[in-house]
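Working notes, structure below.
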Amino acid sequence: MSISNQEVQKKQFVVISGGPDSTTLLNEVIRANVPQNIPTEAIFINFGQPYLLHELTSARIVANAAKVRLNEIVVPGLTHALIGQGEFGYIIFRNIIEASYGIASSFARFNGGDVLYHANIKEDVDDLPWLPEFFTRFAATINSIADGHELKIQSPYLALPKAEVFEHADEMGVNLRSTWSCLRAGTVHCGECRSCLRRKQAFEQSGAKDETLYDK
Ligand SMILES: [Zn+2]
């Protein structure tokens, strides 16, 4: 099985969270890959996060709309260890854990991937200034295993503010209505948490229509 996997045609993987940034990136990568017949697949990492159902539902809708396979990786032990430590129970360093691709890069590499995309944006870099260098070093580290297979780590939105990502989605005709941003596990977006505020602001600044249902 492992041998045949190495012979599979190269693929590109995009880590998605069900949020607007990774939804935009997934659609952009697909648009770039389809004319060249490069297969694209999505990866969703299930930590059992409190708002998992919303994120997973959104990720499924997004992948389905984009007509790509969604690979759900369940990491229950990690959830048990990390859940509940941050505000609203979010996972501290989630973007590092997830986007560092210790998990996703291993999956992508094993399944014939040669490029792995993540959708961290400028605001993420504002929060974590070493992120770009971290990814560069991370890619160099995993590729220092000289087995002849390189997995490129691409993060094309690192300099892009969220509003520009939304603008980009709008230009491509990608509807962000089904995406999920809220850190709370309510029935609709709370409209008050940091992530909801950033979502609202990005819609306002981008001029894209905000069809999100907010509690407030
Ligand atoms: Zn919220």
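It should be emphasised that the depicted structure is a prediction, and the values quoted were computed from it without experimental measurement. Ligands are counted one by one from 1 in listed order, and the atoms in each one are counted from 1 as well.
Using a cutoff of 4.0 Å between basic side-chain nitrogens and carboxylate oxygens, Glu72 and Arg60 are scored as salt-bridged. With respect to Glu133 and Arg137, a salt bridge is recorded, a charged nitrogen being found less than 4.0 Å from a carboxylate O.
Of the N and O atoms on the side chains of Asn71 and Glu41, at least one donor lies less than 3.5 Å from an acceptor on the other residue. No side-chain donor-acceptor contact under 3.5 Å links Asn120 and Ser155. A donor-acceptor contact closer than 3.5 angstrom links the side chains of Arg199 and Thr179.
For the side-chain contact (heavy atoms from CB on, under 4.5 Å) with Cys190, the qualifying choice from Ser181, Cys196, Ser195 is Cys196, the only one to do so.
Only protein N, O or S atoms were considered, and those under 2.8 Å from the Zn ion (ligand 1) are Cys182 SG, Cys190 SG, Cys193 SG, Cys196 SG.
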